[in-house]
Amino acid sequence: MLSYIIRRLLMLPLILLGVTFLIFCLFSLLSPMERLATYINNPNVLKNPQSAQRLIEKYHLDDPFPAGYIHWLKSLMKLDFGWSSTANQPVWEAIMQRFPATMELVFYSIIPVILVGIWLGVISAVHHNDLLDQVIRVTAIIGWSLPTFIFGLLILFIFYGILGWMPPGRLSAWAQFAVYTGGNFKHYTHFITFDALLNGRLDIFWDAIIHLIGPIITLSYISWAYLLRITRSSMLDTLRKDYIRTARAKGVEEKKVIYLHAQKNALIPVVTVAGMMIIGMLGGVVITETVFTYPGMGYWAATSAQQLDYGSVIGFAVLFAFIMVVGNLIVDVSYALIDPRVRLE
Amino acid sequence: MNRIIKKLLSNTTSLIGLLLLLFFVVIAIFAPYIAPPLFDDPYQIVRMTWDIEPRPPGFPMADEMRVVFESLGKQVDRDKALFGTAQGGYDIFYGLIWGTRTAFRVGIITVVFSMLIGVISGSIAAYFGGWIDELLMRITDIFLSIPFLVAAMVLTTILGRGLDKVMVALIAFGWMGYARVIRGSILSTKQEIYIMAARALGVKDFRIILLHLLPNTIFPVLVQASMNIGSMVVTAAALSFLGVGAPLGYADWGQMVSFARNWIIGSPGNAGKYWYAVFFPGIFIVLFVLSWNLVGDTLRDILDPRLRGEL
Amino acid sequence: MVERKQKILEIKDLKTHFFTENGIAKAVDGVDFDIFQGETLGLVGESGCGKSVTAFSVVRLLDYPGKVVGGEVIFKGDDLLQKSEDQMRKIRGKEIGMIFQEPMTSLNPVLTIGFQISEVLKIHYKMGNQEARTKVIELLKQVGIPIPEQRFDEYPHQLSGGMRQRAMIAMALACNPSLLIADEPTTALDVTIQAQILELMKNLLKQFNSSLIMITHDLGVIAEIADRIAVMYAGKIVEHSDTRTIFFNPLHPYTFGLLTSIPRLDLEMEKLESIPGMVPDCLCFPTGCKFHPRCVFATEICQREEPELTGVEDGHLVRCWYVDKVREESKKIGFSRRLSLVE
Amino acid sequence: MNNRLISVKNLVKYFPIRKGVFRTIAGWVKAVDDISFDIYEGETLGLVGESGCGKSTAALTMFRLEEPTSGEIIYQGENIARISKKKMRDYRKDLQMIFQDPYSSLNPRMKIKNIIAEGLVVHNLLDNKKRMKKVGEVLERVGISANSMDRFPHEFSGGQRQRIGIARALALDPKIIICDEAVSALDVSIRSQIINLFKELQKEFNLTYLFIAHDLSVIKFVSDRVAVMYLGKMVEIAPTKKFFQKTMHPYAQALVSAVPVPNPDYKRHRILLPGDVPSPVDPPKGCHFHPRCPKVMEICSKAEPEFIEIEEGHFVACHLY
Amino acid sequence: MSRKVWTMLLVLTIVMGLGIGALAQPPNPDRVVYATIGGPETLDPHWAYDTASGEIIFAIYDNLIAYDGGSIEKFIPMLATEVPSAENGLISADGLNYTFPIRQNVKFHNGAVLTVEDVEYSFKRGMIFDRAGGPMWMLLEPLLGVDSIEGIAMELTGVENYSDIFVDGEVKDEYKEAMIKVFTDYVDKAVEIDGNNIIFHLAQAYSPFMNILAHGGSWSSIINKEWSIEQGAWDGKADTWWKYHDPQNEEDPLYRVTNGTGPFKLVRWVPEETTMLERFDDHWRGPAHLKEVVYQYINEWTTRKLMLQRGDADIVYVPVTNMNEVEDMEGVELTKGWDTMTNTVTNMPWLLNAEGNANLGSGKLDGEGIPPDFFSDIHVRKGFSYLFPYDTFIEKTVQGQAIRNPGPFPRPLYGYTEDPAMYYEFDIEKAKEEFKLAWNGELWEKGCKFNIFYNEGNDVRKAVCDMLSTYAKVVNPKFELTPIGVQWSSYLKQFLAEQLPMYTIGWLADYPHPHNWAPTYLGSTGTYSAFYGKPYVDWAKENTDPLIDKALKSVDPEEQKAIYEELTKIAHDQALALYLYQPIGIHVQRDWVKGFYHSPVISGLPESADFYYIYKE
């Protein structure tokens, strides 16, 4: 197990290298002049015709492909991802600023994914072919078919526009002042909800929570729907297994058969999928955060991708690849922890 | 095959899916009759007015536009926007009808090509194993490490706007799932004895892959592909929504939704003022995706019980 | 011959059908037999003949879409088919133990051996953890598992096939059931392990004084363990008698065919006889006697009418129109003589 | 005795076990560990042993379906263990296999005729029309109507599928056929049909069989000679009659005694072996069988017994002899 | 099982509803939330050249002088105590020396008191800072007569490339002296301290100089010398200046810290997320009404709209196209018709670069394309000038929130006129006539085919292209104009490569003076006009450049007015471009917000506000 983990971790730099190379290749399709546009948002800048060339030199935009890549790699080693023209700050700083917000969102989204997805999946499997099962299943498929950007805007419309419950952003203006000015509010974890509790500010905690609900639902509903399906079929599959028959032959109560004998086995494949979904949600934040103006990585990623801010895209992708690899590793390890067949290998 | 069709027809949900699909196919085929084009390029959405603000269903074609079309020698048969106009005076009805063709094109082309790439790389990796497998799978990992939407967005922006560019981007970053699925199922099918039997007969590697492995492993991929047709259309729409999809004015559902983006909520007290702007394109997309999902979902159940629980 | 004791299970005209999409599969179509205490009944037949379904019908553990559609299963005087699910649960594992074919898939991979065995005791005797543990370790010892204290905390995949089957047996016997149902318990095992398990089962049966329904297709195994044998074909019992009678004096053409078609270690044989054709699909049984398409003795009546299971001799039941012809044939090749000649 | 058709010398097949960070080879599964035997033209050599003893691996390695780790396989004067894969492909039509599971040995998505004709196609034998004629012939020969060659495997029963498997092998007019547990998965009444078919075909086409099975009763019935394997080693080879009359190796003795006999009156001395078969990763030192052997001696744990000819054609690897 | 689910959901909903109701905050009277798009690029006044940065810097820093309210001509003193003029003698008669007496007792946010050295430092630092593509050309042009400090350095050292002066980031020894001279002989001499006065010595008479210095132009903001040096900015020495010239963004020490004299101080800036300002109580004009100002950067219009509707945002940027949605919103005030210093035109370069240019079709006048010098024919330009439905466009596409311009100069600058003779009107017949004359009638006969451009995401410009393309077809079916939307990046690239046949683009004022527009659109070296091709440049050198220069040097407003009107006439007569429209701005706020006024020179207005005067009621 340990050597497996080490092996995977050794693979990490390779994957990161590959990711950066891939993105660099993509950007090399553009001419220096086109890449320059990232740094120019106003034609006034071109007042002096030479400034274009000077800017190109300044940002190393006309370096030949391998040299540019190596130049960039070197700075990466120093955690210097360059300048983000969309965030108007160094890429690394931009990442650090936005990452906790996204992580907080994803963290809370895990709760409904696990609870609703798995719980309803089991219920659906147990009531196989009942009306309840059909309703859950059809709802899941419909949910799955709803594009996030439509769904998110609808949530925003109904729950904020009409009911006023789920405001966009991460904090209300008053809470922002309370959290970020004066220095009384200590940032322990950079998760606002946790910090609020640690600082004993229930009002801020609540404010953060109501801002999170809409994005959480939007971000995770597809995962619920999908996980529900997976859980259901895995559960159905497990319930047909020989050892379930053995358990019944022993006289084990049906409830125990389902929740003790079947569920644990059924959840083994689900864990992998759930893990992938949770990691995948990091990618799904793009639209959710855009719709809810939630100040995280996704919002920024969307902007930087559209505006070809390649420093940011590379930074984002490297971070994401890192999380992907480590996340997958965690998923695999937890998979092994659940399944004794793998654990005791 | 007959068994599959019979089962698809006997299942209520898949029947609904198939009917919906049929509905869209009919629309796509008869688009020139349902919504006769007024521009030379039929995919250019007919403009009913120069107004930016959406206009409600039944809005008649503005005089200045009628003059334009008539002086271009076109016969204006339909002079009312059946579903209203989108931002910019585009006829929603026209955009949706011709957008159906676009949806099929985007969905099917992207899925077919990404499936091809995925199947080829996945089967080579699985069959030959060793370092080839390792290399191909690491490449897959690398492609998977960038969130699909972000990657597609970057590539589309680099290549420039246009549906073909969108498709290239979707294909370039959409093949990895197939590669993984086919690899997994070939790895298990490889253990089957008929593969050993074929090798015992002296069958060459590529013939084994083509004739023995693929026919037996392709179904899970096909199921996945059928469900992905819908999600590819949604992703293309999401790209349009984020402003990097089809060129402005091109008949594409995603664009119709993105037209509605700023008009989802009407004025206070009349929240549903522009309901038609998002409702019609939204319902088209949802139903289209739903139809593929329903069919794919049933197909999955029918074709391969082993697939349960797998991605 | 075993001493006739209390009849603990009596099956009358049991019918179990599977309602599939392609039609009704009459997997078990009117089966009668009974078992006495301490006795081992061998249920023999080829795959698909309904022997396993019969067993699962008894304990009502049929998979969807199977359903018992008729008959009675009288266990210790009560009809199991009339019991509520709750009552059934109290009988399963406690009164009737079961052993399955694949010890690998029949044990839950994520629970320890100890947990799975002690669970039976906890359910039926409400034993505490410690008490159950002691009892389970004792049981494991009894079924011949070395270092049971260690095995207790191990998972099924850490055990060999033979050990797993021993664990299954321990589980089945934990509550000292009066009836044991074993569904091909040795089929998946290697010959030497199979011998160990058979030996173990024989000993344990004596020790626990349990009855056993032994389901198998292996005539060799059945010859070793069974007191009586019921031969099944296409959902019905075609011949039923004590073991020696079945082997030395088979009166159903199917039994006869089976016995002549197996290669055997105890005889020098020039040629194997074989039963032509194949086992019919239970979705569409032939009319009349279900064996007639493969039967060399078949005549027109066999196609038309199905014979009853009738007693031809004391306790020897056969379902055939031409018992006498078979007896003659059997004599001709000298069945009993040939068999008793050995050693 | 006839001519040696194929002769296996010191065949070894180890599978690496990779472990650790760099997937280095941490050990070997010694599936086939230095075995030698000959197969004579026209005979049936029965190979028995329990699961995991390496009998199937031995067969696969013999036909280069697994690459041998070392050793020689002499066929037609050539060591086919060493020739190129391409050249090996030419030999394949002489060397055919029939597999255990009639359900997974036929490609479910191919028509019967294509399954059977495939060998002809890849070896470029006959033209298309003649191929189909040949397919029809072999099908009829194994007892399946040539009319059904357009059907798919799932439309046949297990016994019929096994016949199709046989037809596939026959279509190439092979010299030797390995039957790897070819009848184990079949029902009793079907099994005898297939066994009889094997026998008939052998006579008709002068076939040579390597008949692998775990069931000694079947082996006894079909083979001319019996070979017994235990943990990757050959422990005994003898002509069938001799073998059953005078089983020499203690393992073989236990094996014979363990076979259930369908005769309630059959009395014999059953040798119950203690414990399970050890793992082939780390087989016991000396004689692999010694930890379970009822007649174990001191030397057994130290030295590996040689495989020697005790009587004419009767080879045993045991310190007792 | 299912009942449990529903009960739980119900309870959850109720609890949430109650909780939110109980904790909802009333709108804070001391705070204004402004929801807009796109945040500042930097907070360094000498770096900033974008509206959003200018907006924040406007609130944090002060200039020497300011415009009087919404005026663009009248100035009031800020950190200077007097506005220089010829009358009060603070501007020398030749227009080359400007003197500003500095106000006393003005405090910076860090408590330091404003001195005349701070003012001197501010301008010198700006001049040597001069980042590539930055705003400092505006000060360098009048003060040193160049548009980049590098120009002087190259002249004094005699190198061809500025980078040749350096080796490994250090000045080569042979150039060291010259480089120090750049500072001592030029920069240092341009701005001088005289007691409590600051004197600017101009290199040439420059009529917009006061506009450049006035409040609203971040480049002329006054920063604190001591504090800046502490932060790591230029140390004020002559032999170090090049190390502080044109730095990387992240190397600029002032890019995220501020210390101004303005009414608000910075509390938090998260780029592209939010900027939070707090009142500076010691502001020299007296403290502002508001305690806190929050800028929220929200790109999604729907979200901004909902925030406005719910009162979570007090002032909101509303795209003109969505104006109707807030018009009848309760508690919301919409004011329209504010002048903006921007205009939008469609340019028609006289000579295009045909090399590798797919936009011209066949590259010949054969019906399948256009020749590279297609637009050098005045009839072609006039034809298209008649072909655009200006009124329909303004009414429908921009919802009436625009006016027409006859030339490049926006209202109310000199050069703008309402004389109908200066306007082209949509007239298909007249367009036909012109096209028939073009290219000796060949064009009319053979037709033309080329691409017309807008930058992706700009729906209004897309509509312009659509209209042109549509009506071109109407006028002659052989005229095929294909609208192409491209990313800003390739738009810029093709523009610089002179490959775009007809493209729509706008110009946003740096300062409200026609000189900011005249060279841009009309001169031989203008940002746009320099790319119209050589024939145009040659033509401009003779016809427009002398006029532009004359206006720049003129000190007489009447004379200036006449010259700029002359330029407008030239632009009209030559049909140099399609002068499409000048947007007029709207301002949307909750009705409890008071104190809004509009000035076209303040960055971000009219959408935003001068928060010093804003209060809530």
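Side-chain atoms are counted along with the backbone in the values below, which use heavy atoms only and exclude waters and symmetry mates. Lettering of chains follows the sequences in order, A, B, ..., and the numbering in each one begins at 1.
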Quiz item: Nearest 0.5 Å, what's the CG-OG distance between A:Leu16 and B:Ser145?
Solution: 7.5 Å
Quiz item: Between atom CG of A:Asn328 and atom CG of B:Asp141, what is the distance when rounded to the nearest 0.5 Å?
Solution: 7.5 Å
Quiz item: Is chain A contacted by the side chain of B:Ile139, its backbone, both, or neither, given a heavy-atom distance below 4.5 Å?
Solution: neither
Practice problem: Please state whether the side chain, the backbone, both or neither of A:Val138 comes within less than 4.5 Å of a heavy atom of chain B. | Solution: side chain
Practice problem: Could you please spell out the steps behind the side chain to side chain contact (heavy atoms under 4.5 Å, CB included) verdict for A:Ile287 and B:Leu149? | Solution: CA-CA 9 Å; A:Ile287 286 180; B:Leu149 198 61; 3.6 Å; yes
Quiz item: Hey, what do you get for CD1 (B:Ile285) to OG (A:Ser145), rounding to the nearest 0.5 Å?
Solution: 11.5 Å
Quiz item: Which pair of non-hydrogen atoms, one from B:Val257 and one from A:Phe149, has the smallest distance, and what is that distance?
Solution: CG1-CE1, 3.4 Å
Quiz item: So which part of A:Ser304 gets closer than 4.5 Å to some heavy atom of chain B, the side chain, the backbone, both or neither?
Solution: neither
Quiz item: Is there a side-chain contact between B:Asn293 and A:Trp144, using heavy atoms and a 4.5 Å cut-off?
Solution: yes
Quiz item: Side chain, backbone, both or neither: which part of A:Met11 has an atom under 4.5 Å from a heavy atom of chain B?
Solution: side chain
Practice problem: Heavy-atom distances under 4.5 Å only: say whether A:Leu22 touches chain B with side chain, backbone, both or neither. | Solution: side chain
Quiz item: If you measure from CG on A:Leu26 to CD1 on B:Ile146, what distance do you get to the nearest 0.5 Å?
Solution: 7.0 Å
Self-check item: Separation of A:Ile141 CD1 from B:Leu294 CG (nearest 0.5 Å)
Solution: 5.0 Å
Exercise. Give, for atom CD1 of B:Ile142 and atom CG of A:Leu17, the distance between the pair rounded to the nearest 0.5 Å.
Key: 8.0 Å
Quiz item: chain B heavy atoms under 4.5 Å from A:Phe316: which part of the residue, side chain, backbone, both or neither?
Solution: side chain
Quiz prompt | Winner by heavy-atom pair count (cut-off under 4.5 Å) against chain B, out of A:Ala317, A:Ala302, A:Ala301 | solution = A:Ala302
Quiz item: So which part of A:Ile150 gets closer than 4.5 Å to some heavy atom of chain B, the side chain, the backbone, both or neither?
Solution: side chain
Exercise. Tell me, for B:Leu290 versus chain A, whether the close heavy atoms (under 4.5 Å) come from the side chain, the backbone, both or neither.
Key: both
Quiz item: Is it the side chain or the backbone of B:Ile158 that comes within 4.5 Å of chain A heavy atoms, both, or neither?
Solution: both
Self-check item: Residue part contacting chain B, namely of A:Val19, when any heavy atom lies under 4.5 Å
Solution: both
Practice problem: Answer yes or no: are there more than 12 heavy-atom neighbours, outside A:Phe99 itself, under 6.0 Å from its atom CZ? | Solution: yes
Practice problem: Select one option (side chain, backbone, both, neither) describing which atoms of B:Ala237 are under 4.5 Å from chain A's heavy atoms. | Solution: both
Quiz item: Going by heavy atoms in the side chains, are A:Val286 and B:Pro147 under 4.5 Å from each other?
Solution: no
Quiz item: Take atom OH in A:Tyr69; do more than 12 heavy atoms of anything else shown fall under 6.0 Å from it?
Solution: yes
Self-check item: Side chain to side chain, A:Leu14 and B:Arg138, heavy atoms closer than 4.5 Å
Solution: no
Self-check item: Side chain / backbone / both / neither for B:Val286 at chain A, heavy atoms under 4.5 Å
Solution: both
